[in-house]
Amino acid sequence: MKIEILGSGCPKCKQLEVNARNAVEEMKKKAEIVKVTGINEIINLGVMATPAILIDGKLKASGRIPEVEEIKRWL
């Protein structure tokens, strides 16, 4: 499983990464968590608002910080 956290590194982006890591840990899943910070790369992925999260290439949320429980449902 690959989880991509898209954003410039702002506090909201960092919180999304923390929530994603907590969800993976609580579910005892194996996942590669990658931070994508380049604006061109983010745009190329079709994302217009950050923070955003992709799981296995599928956009799950953009422009908000999903809670740990919501991320767990996606896993």
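Nothing here was measured: the structure is a model prediction, and the numbers come from that model.
- Within the 4.5 Å cutoff, side-chain heavy atoms of Ile55 are placed close to those of Leu75.
- Met27 and Met1 fall within the same hydrophobic cluster, defined by Ile, Leu, Val, Met, Phe, Trp and Tyr side-chain heavy atoms under 4.5 Å apart, directly or through other members.
- Evaluation of the side-chain hydrogen bond (donor to acceptor under 3.5 Å, both in side chains) test over residues 40-55, restricted to residues two or more places apart or in two chains, returns none.
- Side-chain contact between Leu6 and Ile53: absent, with no pair of heavy atoms (C-beta onward) separated by less than 4.5 Å.
- Applying the side-chain hydrogen bond (donor to acceptor under 3.5 Å, both in side chains) definition to pairs two or more places apart or across chains, those involving residues 11-20 are Gln15-Asn19, Glu17-Arg21.
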Pair up each side-chain donor or acceptor in residues 63-72 with any protein partner under 3.5 Å, not counting sequence neighbours, and list the distances.
unit_1	atom_1	unit_2	atom_2	d
Arg64	NH1	Glu70	OE1	3.0
Arg64	NH2	Glu70	OE2	2.7
Glu69	OE2	Lys72	NZ	3.2
Lys72	NZ	Glu26	OE1	2.9

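- Residues that satisfy the side chain to side chain contact (heavy atoms under 4.5 Å, CB included) test with Leu59, not counting sequence neighbours, are Val47, Ala52, Leu54, Ser62.
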Problem set entry | Test log, rule side chain to side chain contact (heavy atoms under 4.5 Å, CB included), inputs Ile33 and Lys2 | CA-CA 6 Å; Ile33 298 178; Lys2 182 176 181 182; over 6 Å; no
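- When hydrophobic clusters are built by joining Ile, Leu, Val, Met, Phe, Trp and Tyr residues whose side-chain heavy atoms come closer than 4.5 Å, directly or via intermediates, Ile5 is grouped together with Val24.
- Residues Ile42 and Ile3 fall into different hydrophobic clusters, defined by Ile, Leu, Val, Met, Phe, Trp and Tyr side chains chained together at heavy-atom separations under 4.5 Å.
- A search for side chain to side chain contact (heavy atoms under 4.5 Å, CB included) contacts involving Ser8 returns Cys10, not counting sequence neighbours.
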